[in-house]
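Worksheet: the structure to be examined is printed underneath.
Chain A is the first sequence line, chain B the second, and so forth, proteins listed ahead of strands; every chain is numbered from 1.
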Amino acid sequence: MTLPAGWEMVVGLEVHTELKTATKMFCGCANAFGSEPNTNICPVCLGLPGALPVLNERAVELAMAIGMALHSTIAPSTFHRKNYFYPDMPKDFQISQYDLPINSGGYLDLPDGSRVSVERAHLEEDTGKSTHLGGSGRIHGADRSLVDYNRSGVPLVEIVSGPDIRNAAQARAYASELRGILIATGASDGRMEEGSMRIDANVSVRHAGEPFGTRCEIKNLNSLRSLQRAIDFEALRQIELIEEGGTVRQETRHWDENLGQTSTMRTKEEAEDYRYFREPDLADLAPDQAWQDRVRAGLPVMPAQRRRELAARLEEPSEAQLDAVEVVIDQGLERFVHAAAEDGVDAALALSRAANELVAGLDGIERLSPASFSATVAMEQRGELSATQAKTVLAELLAHGGEPRDVVAAMGFAQLSADSLGATVAELIEQNPDEWSRYREGDDKLAQFFIGLVMKATKGQANGKSVIAELQNRR
Amino acid sequence: MSSPLRREDVAHVAKLARLTLTDEELDRFTHQLGQILEHANDMSSLNLADVVPTAHPFDLINVVRDDLVRPSLDRDAVLAMAPDAQDGRFAVPRIMGEAP
Amino acid sequence: MKTAQQIAHEVQSGATTAVAELGRALDAVRDRNEELNVFLYVDEAGATSAAHAIDERVARGEVVGPLAGVPIALKDNLCQTGVPTTCSSKILEGWRPPYNATVIDRLLAAGAVPVGKTNLDEFAMGSSTENSAFGPTRNPLDPSRVPGGSSGGSAAAVAADMTPISLGSDTGGSIRQPAALCGLIGMKPTYGLVSRYGLIAFASSLDQIGPFSKTVMDSAILLEAIAGHDPMDSTSLPEPAPSLVAHVNDGVAGQRVGLVRELVEGADADVVAAVEQARRALEDAGATVVELSIPEFRLGLSAYYLIAPAEASSNLARFDGVRYGNRIDADDVTAMMEATRTAGFGAEVKRRIMLGTYALSAGYFDAYYGQALKVRTQMIQAFHRAYQQVDLLLGATTPSVAFKFGSKTSDPMAMYLSDVFTIPTNLAGEAAVSVPFGTGEAGLPVGVQLLGPGRSEARLFAAARVLEIADGRS
C-alpha cells in the first residue's frame, strides 16, 4: 500500500516470544500450553509470601542463542523489578531486564536486502491469563474476571527493533524472518495464534526528512497478515487525522481483525511509574566466554544462510526459483535438494520436486530419505522416468515408504522400450497425416501436439525427451 | 535534593501503592515522611559521584538451576486459600483497564 | 531451665523424652502467654506428633540429630505448612502456607520440635513489637517494658523459659536488639548464610534468619543446624554449613578487637559502662583492644531507612487480596486492592510502603534510593578497612535497656534511632552477635555487640563465649 505523497511511516516492532523450556523461568513448574487452569503452579510462580526465584539455565542459553542469531553483543546483565499492580501478576511486579539487558546492538537482514536494527533482546517472565465474565468476553463491560496462573513465570524474551521499518510489507518480512530464526534456534515454536509469539507495532507518520511523529502502539495482532493490515490502517488513520488538522495522541490501540480498524485502548496521559530497581533476589548474569562458546557451537544455521546456500546451487535463479527456495527452507527440506545436487542431479529439477512434491506429501516426510529422493529424481533426469512417473513415485514413497527401484517396478514404470515407442509414434503419424506434414515442413509447434498424443496413448509413461528424439528422427 | 515533601506527593504515592488515606492520615504522613527525608538529607551533602552503588552485599554471579520439572502444588489446596474462586481459577471483581 | 544442648543429649540418651520436654514447654506457655502475648499460635497437635515421632526413633536406636526433642519457637514471618502465619498483620490473618521455609525443614531434620509462632512487629517493621496487629508482647523481665523488635515474641519465648531456643529475623537489628533487651544471645549471620526461602520478605538484600538462646553454645548448635547453601535461594552462599560448635571454646587469645566510637556514641551511661567492662573482659582473656572510629557508620540510619522501605514497598505489593489473605470486596479490582490493603496494613507498614514508593519514584530515584546504595558501598569499604586492622569490632547493641511501652511510639524517628548500632552490619551483609553483659537501669540486662566480617560466625561465638564466662552467667 502506498501512502499519500510526501508521507512516510515509521514502524518499530516489539516481539515477545515464550521460550521452549521444560520449566518456567524461576521455578520447576512445567512450561506447558493447554494444561488445566492452575495446575502448574508453586509458591514461586504464584508469588506466595516467602518464595524466591531461581533462574532457569536453559532460558539463559536460549536467550543467548537468540542474541547470537541477531548479531547482538552479549553483555553482563542484571534483572530488575518492574512494579505495577494487576491481578494476573502474582507478585504485583514483573522480573525483567531494564538498563542492562543480556543482548543489545543487534540487527536482522531481510530477504529484500534491507537491514533492521535490533536494539535489545532481554529476558523476563510472563504473567498469568485472565478471562472476563459478563459483557462480550472482552475486558470492557465484564462483571468479574477469572485468573489462571499456569502461564505466570513462563520464560519470555522480548525483542525490540529500532524504528527502522518504513512500510507494512517490510514489517511483515521482519516478523516472518524473526520467527524463522526463533524456530531455527529452538527458542520458540513461533505460534502466534497460540500466543507463544506476540507482536506489538509502534507506528508513527511524518513527512520525509522531518523528526519522528507521535507514535501509537498497536496490540492484538494475531497473525502476520493482521500485522500488515493493521500497520497500513494505522498509518493512514494518522495521516488523515493530521491532514484534517488534528494531532496524533500517544496511546495504545487495539486492532480489530473483523472490523479492520484500530481503536483506543487507553491513553498514556499518566505514564506508568514502574519504579524499576535491581532485583535483590537474583544474582547478576555474566556468561563467561566458555559458556558463550558452547551456545554458539550449538547454534544451527539460520534461515538466511540456509537460503543463500540453497540458492547457490542454482545458476542465476529466477523469481519463481527463489520463491521455491524460500518454501523449501521454510519447511526445512533443503537436505533433500543438497543430497541430490551432490549426486550430480540437476539442482533446479531437485528444487522443483522438493518445493512441490515433497511439500504436498509433507506428512510422510519421515518415510523418505534424501538418498531415495536423489535416486528418484536422477531417474527422471536420465529419462528412465517421465516427470509424471517421478511425481507418482515420490508420492508413493512419502505415503508408504520403500525403495525407489521397488516402487518403480511395482508400478510397472519399466521403461517403454524404444521399439514400442517407435511403434506408437508411427501409429499416431498415420492417424494424423495433415499435422505430420506441417511438422515435417517446419512447424515446430506441432511437436507438442504429437507429444500430447503420445502421452495420452502411453498413459503418461513415455519419456518426453525420448519422444522428441523419436519425432526428430522421423522428420 | 532537599525539596520539602508536599501533600500532593504523598497522595500520589499512596495511589501508586494502592493505599487510601484519610485527610488526617495524609497530613500526618506528610509530616512524618518529611521528617525522615529531612534526616536523609545528610547523605545529599556527600560527594559520591564516583562511588559505584551496591545493590547487593555479596557478588554471586550466574546462579542458575537445571531445566527439570518439579512437582507443582495441588490446585485444590491453593484455591482453598483464595478469597474467591470459580472454575479452577481465582476470581476478582472487574478489571477496569488493560495491563500496562 | 535446661539448655537445648542438654535436652538434645538427654533425649538421645533416653534420660528424658521429647514428649516430656514438650510438656514442660507447653506448661510454661500456658503459664504466662496471656500475660506476655508471646505466641500468636501454639501448634500443640503438630508439636505433640513431632515429639512422639522423635521418641519412637530414639526407641529404635536411631541418632536423631543435634536438636533431638528440643522445643523451639518460630517468628511468625516464617512459613510453616498448615500452620497460621500472619506476620502479625490483619492482611494475612488466617492464612496457612502450603509449604515449609527451608529452615523449618532443617530444624525438623535435626529433630527439633516447633511449638508455635511468635509475635512480631507487623511485617518485621519495628523495634518494640508494639506494631503488631495482635497486641504487643511484654518483656518477661519487666512486663511494663518492651521486649524489643521486631522479633520481640521470639526473644520473650526464650527469656520467659518457654523454649530454650527460638528463631527470629534481623533486617536492621531485629534479632540483636530484642536479644539485648531480654538478656539473650542473638545473632545476625552473614547475609546468605541461612536460606531465606520461606521467610516472608521485608527487605530482601538485608533480611537474615538467626538464633535466640540463653547460651552461646545453644545458638551455635542452632545456627549450624540451619545454615548452609539452599538451591531454592539464589542469594544463599555456595558453601555448606560452617563448623561452629567445635569452635565455641576457642577463646580470643591473640585476637585484635576494635572498640568503635560510633557504636557507643549516644548510648546511655549504663550501656557505655557495660561495653567498657566487656572490653576489659576480652583483654583479660588475651585479646588486644584498640579504639577505632568509623564515621561512615553515622550514615547508616539514613541509608537504611531508604533502602529497606524501598525493597519492602515492592515485596509487600503482592498482598492485594487476589490469591490469599483477607479481601475487602469492591466493584472493581483496583478498588478491591486499595480497600484490602488499607484495611489490612497498620500505620507503620503504610508509612514505610509510602516512603519506599516515594524513594523509588521517577524523579526521586537517584536522589534517594540511588544515593543510599552509594552510601552502602562506603559502609562496606569502611568495614573492609577496619578489618585490615582488627579481627572483630566491639560496641553497644542498642542505646538503652528495655524501654517503657509507648515511650517511643509518638515519633517514628525516635524508634528508628534504636537501630543505629545494628544497621551498619545489615547494610554490609556481615555478621554480628549481641551478648548480655552486666546490668543497667532498673536491673535490666545490657547487650554488647561483637561484629565480624562475612563468614566469621565461629570467631564471633568464641568471643561471645569469653564474655559469657566473664559475665558469670554460664
Side-chain angles (χ1 to χ4, degrees), chain B residues 1-3 5 9-22 25 28-30 32-33 35-44 46 48-58 60 63-66 73-74 77-85 90-97, chain C residues 95-96 98-99 191-192 205 231 234-235 237-238 299 301-303 305-306 313 317 320-327 329-339 341-342 345 350-351 353-355 357-358 361 367-368 370-378 380 412-413 416 427-430 454:
Chain B
M1 173 176 121
S2 53
S3 50
L5 184 64
D9 297 326
V10 178
H12 172 71
V13 155
K15 193 90 186 120
L16 275 181
R18 297 295 185 265
L19 294 170
T20 316
L21 302 179
T22 62
E25 284 171 324
R28 185 165 20 107
F29 283 148
T30 304
Q32 289 171 341
L33 293 180
Q35 281 192 315
I36 297 166
L37 290 171
E38 265 284 309
H39 199 89
N41 284 336
D42 59 358
M43 287 194 312
S44 68
L46 301 171
L48 299 176
D50 294 333
V51 179
V52 175
T54 302
H56 197 285
F58 284 118
L60 302 168
V63 179
V64 292
R65 63 179 171 83
D66 289 338
L73 286 174
D74 172 56
V78 169
L79 289 176
M81 64 179 168
D84 191 2
F90 295 83
V92 293
R94 65 198 166 122
I95 306 171
M96 299 290 273
Chain C
W95 182 59
R96 292 175 189 249
Y99 76 105
Y191 184 83
S205 72
S234 300
T235 62
L237 297 175
L299 296 169
L301 209 62
S302 315
Y305 276 101
L306 286 169
S313 69
D320 59 10
V322 173
R323 292 159 294 281
Y324 45 82
N326 282 319
R327 177 194 290 189
D329 262 306
D331 280 344
D332 68 83
V333 74
T334 300
M336 181 278 280
M337 289 183 177
E338 279 175 3
R341 292 163 63 80
T342 303
F345 288 140
K350 285 180 185 164
R351 203 168 10 248
I353 288 175
M354 288 195 295
L355 182 56
T357 306
Y358 184 78
S361 277
Y368 291 115
Q371 192 77 342
L373 294 183
K374 292 184 173 190
V375 167
R376 185 176 200 169
T377 303
Q378 303 228 292
I380 292 169
M413 280 306 315
Y416 297 166
L427 286 171
E430 299 184 338

Contact part of [X] toward chain B, heavy-atom cut-off under 4.5 Å: side chain, backbone, both or neither?
X: Ala335(C); result: neither
X: Ser234(C); result: both
X: Met354(C); result: both
X: Pro98(C); result: both
X: Ala317(C); result: neither
X: Leu355(C); result: both
X: Tyr99(C); result: neither

Does [Y] offer a backbone N or O that forms a donor-acceptor pair with the side chain of [X] under 3.5 Å?
X: Lys374(C); Y: Leu48(B); value: yes
X: Gln35(B); Y: Gln32(B); value: no
X: Thr235(C); Y: Gly192(C); value: no

Could you give me the CA-CA distance, side-chain angles and deciding distance for Leu37(B) and Leu306(C), then say whether side chain to side chain contact (heavy atoms under 4.5 Å, CB included) is met? CA-CA 9 Å; Leu37(B) 290 171; Leu306(C) 286 169; 4.1 Å; yes

With a 4.5 Å cut-off on heavy-atom pairs, point out which of [options] contacts chain C the most.
options: Val51(B), Val10(B), Leu46(B), Val63(B); answer: Val51(B)
options: Val78(B), Leu73(B), Leu60(B); answer: Leu60(B)
options: Ala82(B), Ala14(B), Pro83(B), Ala80(B); answer: Pro83(B)

Can you list the steps and then say if Leu19(B) with Phe345(C) is a side chain to side chain contact (heavy atoms under 4.5 Å, CB included)? CA-CA 9 Å; Leu19(B) 294 170; Phe345(C) 288 140; 4.1 Å; yes

With a 4.5 Å cut-off on side-chain heavy atoms, are [Y] and [X] touching?
X: Arg18(B); Y: Asp320(C); result: no
X: Val322(C); Y: Met336(C); result: yes
X: Lys15(B); Y: Thr20(B); result: no

Most heavy-atom pairs under 4.5 angstrom with chain B, which of [options]?
options: Asp329(C), Thr357(C), Leu237(C); value: Thr357(C)
options: Ala372(C), Pro238(C), Ser302(C); value: Ser302(C)
options: Arg351(C), Glu430(C), Met413(C), Met337(C); value: Arg351(C)
options: Asp331(C), Leu427(C), Ile380(C), Val375(C); value: Asp331(C)

Pick one of side chain, backbone, both or neither for [X], based on which atoms fall under 4.5 Å of a heavy atom in chain C.
X: Ala77(B); result: neither
X: Leu79(B); result: neither
X: Val52(B); result: backbone
X: Asp74(B); result: neither
X: Ala85(B); result: neither

Parallel, tilted or perpendicular: rings of Tyr358(C) and Tyr368(C) (30°, 60°): tilted

Once you round to the nearest 0.5 Å, how far does CD of Gln371(C) lie from CG of Leu299(C)? 10.0 Å

Between the side chains of Arg376(C) and Ser205(C), is a donor N or O closer than 3.5 angstrom to an acceptor N or O? yes

Can you list the steps and then say if Arg341(C) with Ile353(C) is a side chain to side chain contact (heavy atoms under 4.5 Å, CB included)? CA-CA 11 Å; Arg341(C) 292 163 63 80; Ile353(C) 288 175; 4.1 Å; yes

